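First the structure, in the form of structure tokens, and then the observations on it.
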Amino acid sequence: MNRDRVHQRLERSRAPSLKNWDRRPRADQALERPAVVDCGWGRLLFGQTFADPEALAETLREERPGTRDVALYLSDPHVVLSYAPQDLFLDPSHTFRLWLERYQCSPRRPKGFHVRLLNSRQDAEAIHRLYTARRMVPPTPDFVWGHRTSKVLSYWVAEDEQDGMIVGAVTGVDHVAAFDDPENGASLWALAVDAQAPYPGIGDALVRQVIEYYQARGRGFLDLSVIHDNTRAIRLYRKLGFERIPAFALKNKNAYNEPLFIGRQPEARLNPYATIIVNEARRRGIGIEVLDAEAGYFALVLGGRRIVCRESLSELTSAVAMSRCDDKSVTHRLLRRAGLRVPEQTRFEALDQAEAFLSRLGRLVVKPARGEQGVGISVDVRDPEILERAIAAARRVCEQVILEEYVAGDDLRIVVIDCKVVAAAIRRPAHVTGTGQHRIRDLIQAQSRRRRAATGGESAIPMDDETRRCVQEAGYDLETTLPEGVSLQVRKTANLHTGGTIHDVTAELSPVLAEAAVAAARALAIPVTGLDFLVPSVSGTDYVIIEANERPGLANHEPQPTAERFVDLLFPQTAARE
């Protein structure tokens with residue numbers, strides 16, 4: 001279609017009514033031009049303001065690279081789709097509406113966090129990091145900060161009252177300010193909650209804030225769009241009084257939207273650690289073969305090159321290098337011989353020998369010589385009775401048990417790929433925050449549900465002897481009602497699979513720690529590894545290295561480009577040229 005004709009039709013577009021979801025055009029609601037709102041992550045095209053479906057299709061196809069446009073409120077999506085079926089698709093999302101006159105405020109207030117409007121450049125940067133970590137298309141910090149006084153766009157954040165971290169964000173769009181909407185509406189977009197936030201109800205509080213903001217401004221309704229199978233979010237919206245309406249949306253067939261229009265693929269059954277690699281490979285045109293989804297095995301194929309992987313473990317890692325990482329005592333010896341700092345360590349041989357080792361050092365870590373995901377590890381063991389139980393727990397995982405000097409400090413994971421540091425993150429043990437109403441057992445279970453939902457089932461707090469020991473050392477038991485606002489650490493290890501959280505510190509990592517990580521990878525002769533350090537400060541020079549992981553979870557380190565660097569290693573010819 002001629003572009004001049006398109007823009008002539010755009011100038012003639014009129015706005016139809018949305019009253020009671022009726023989209024028939026009314027001549028008294030004409031607009032000079034269709035309504036298009038730039039949200040930073042993409043544009044919202046208000047379909048009811050386009051009289052010409054072909055002009056709407058053409059406008060949607062003008063999506064900028066790296067963004068994700070949405071055309072919504074379409075009464076005839078099939079007609080618009082017919083003008084560009086090769087480029088557009090019907091979004092498999094539901095539209096929900098809340099009539100604001102029916103909304104009832106909640107007397108309950110958030111605990112541990114508060115919701116407020118964005119008020120600093122740092123907030124804008126935090127929103128960008130949060131959206132990137134949640135694998136959403138983020139607006140740039142410049143865009144968000146530049147629109148802080150916009151009458152069309154409003155940004156709210158949820159702030160942790162303990163450390164000031166931003167743990168949630170949401171955007172509101174005022175349709176009246178955008179295009180003098182005759183239906184007096186507003187909509188909610190880009191709701192995101194930090195997957196590692198320790199508090200319940202963050203999403204609920206953010207949505208209520210948007211509702212109450214537009215209710216106070218006299219808007220008639222608040223709409224939102226949610227993917228059809230996001231049952232958790234839909235449950236929240238229905239609880240707040242939202243109802244489905246027959247409104248439809250179209251999007252472009254781009255790389256970001258690909259999972260929505262190509263249907264369920266075999267790799268959809270892969271876990272998040274394999275999926276992040278597969279998605280990056282597909283983006284580069286590399287073929288995917290799923291060999292065993294349950295175990296995370298897949299093959300990447302390009303031209304005559306085929307590489308089998310199990311998550312981030314590939315055929316490029318030799319059996320010898322893998323065996324060095326698999327046995328923690330071997331890892332310890334090799335790193336020590338390379339001149340790297342490691343804690344004092346010995347193998348368990350007899351109970352009296354173990355007790356003597358404990359007596360000399362005072363505090364120990366007990367762990368199986370082989371194992372992963374933090375299973376069987378007891379940290380900060382201080383007395384013989386607990387030592388004996390810890391040894392028994394480790395032997396259930398591996399017959400050989402290691403006794404190691406306990407070193408205080410932050411648990412730091414550094415990912416090294418092709419002898420270059422790609423990411424660094426502090427890992428923190430699982431903890432819960434008291435409400436004054438719930439037992440510690442209930443708080444742990446609720447936190448586990450949130451962690452499972454946020455990690456595809458990969459992270460949860462075990463209700464085992466180690467958790468009970470940590471709770472008892474703090475002076476409680478699982479049936480205790482934890483006082484409001486009290487933070488309780490319920491595990492000593494920071495492993496993600498046992499409910500730990502991870503916080504990116506790549507930009508703060510000192511050169512000394514980065515060099516030690518690269519030297520460790522060279523000593524182990526391994527192309528991809530996650531080195532576990534204990535450090536007093538990520539920007540300092542003191543450290544000990546406690547383990548090396550031959551299959552680090554790359555998905556845990558977003559927004560750092562771990563998957564990109566992994567695929568660069570496997571298929572260097574596809575790497576972006578700087």
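Everything quoted here is computed from the prediction, not taken from an experiment.
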Would you say [X] and [Y] make side-chain contact, with heavy atoms under 4.5 Å?
{"X": "Val36", "Y": "Asp69", "result": "no"}
{"X": "Leu443", "Y": "Thr433", "result": "no"}
{"X": "Thr95", "Y": "Leu224", "result": "no"}
{"X": "Val70", "Y": "Trp41", "result": "yes"}
{"X": "His175", "Y": "Val173", "result": "yes"}
{"X": "Asn184", "Y": "Val176", "result": "yes"}
{"X": "Ile444", "Y": "Gln447", "result": "no"}
{"X": "Leu412", "Y": "Leu509", "result": "yes"}

Could [X] and [Y] be called an ion pair, given the rule that one side-chain N must be under 4.0 Å from one carboxylate O?
{"X": "Lys239", "Y": "Asp204", "result": "yes"}
{"X": "Asp504", "Y": "Arg413", "result": "no"}
{"X": "Arg97", "Y": "Asp223", "result": "yes"}
{"X": "Arg219", "Y": "Asp174", "result": "yes"}

Over all atoms of both residues, closest heavy-atom pair of [X] and [Y]:
{"X": "Leu240", "Y": "Tyr103", "result": "O-CD1, 4.2 Å"}
{"X": "Tyr199", "Y": "Lys111", "result": "CD2-O, 3.6 Å"}
{"X": "Leu513", "Y": "Val535", "result": "CD1-CG1, 4.0 Å"}
{"X": "Thr140", "Y": "His128", "result": "CA-CD2, 4.1 Å"}
{"X": "Ile227", "Y": "Pro92", "result": "CD1-O, 3.4 Å"}
{"X": "Thr562", "Y": "Ala423", "result": "CG2-CB, 3.9 Å"}

TODO: Have a look at Phe242 and tell me which of Phe221, Tyr237, Phe96 forms a ring pair (Phe, Tyr, Trp, His ring centres under 6.0 Å) with it.
DONE: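 Checked Phe221, Tyr237, Phe96 against Phe242; only one passes ring pair (Phe, Tyr, Trp, His ring centres under 6.0 Å): Tyr237.
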Task: Option among Arg284, Lys420, Glu280 that satisfies the side-chain contact (heavy atoms from CB on, under 4.5 Å) test with Asp568 - done: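 Among Arg284, Lys420, Glu280, the one meeting side-chain contact (heavy atoms from CB on, under 4.5 Å) with Asp568 is Arg284.
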About how many Å separate [atom2] of [Y] and [atom1] of [X], when rounded to the nearest 0.5 Å?
{"X": "Phe248", "Y": "Leu74", "atom1": "CZ", "atom2": "CG", "answer": "9.5 Å"}
{"X": "Leu188", "Y": "Thr171", "atom1": "CG", "atom2": "OG1", "answer": "8.0 Å"}
{"X": "Thr231", "Y": "Asp229", "atom1": "OG1", "atom2": "CG", "answer": "7.5 Å"}

Sidechain-backbone polar pair: [X] side chain, [Y] backbone, donor-acceptor under 3.5 Å:
{"X": "Asp38", "Y": "Gly40", "value": "yes"}
{"X": "Ser539", "Y": "Glu508", "value": "no"}
{"X": "Gln196", "Y": "Ile502", "value": "yes"}

- [ ] Would you indicate whether Met136, at its atom CE, is surrounded by more than 12 heavy atoms from other residues, nucleotides or ligands within a distance under 6.0 Å?
- [x] yes
Task: Gln86 CD: over 12 foreign heavy atoms closer than 6.0 Å - done: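 Enclosed.
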Do [X] and [Y] have side-chain N/O donor and acceptor atoms under 3.5 Å apart?
{"X": "Ser154", "Y": "Trp156", "result": "no"}
{"X": "His114", "Y": "Glu159", "result": "yes"}
{"X": "Arg68", "Y": "Asn254", "result": "no"}

Open item on the list: Can you classify the ring geometry of His94 versus His228 as parallel (below 30°), tilted (30 to 60°) or perpendicular (above 60°)?
Closed with: perpendicular
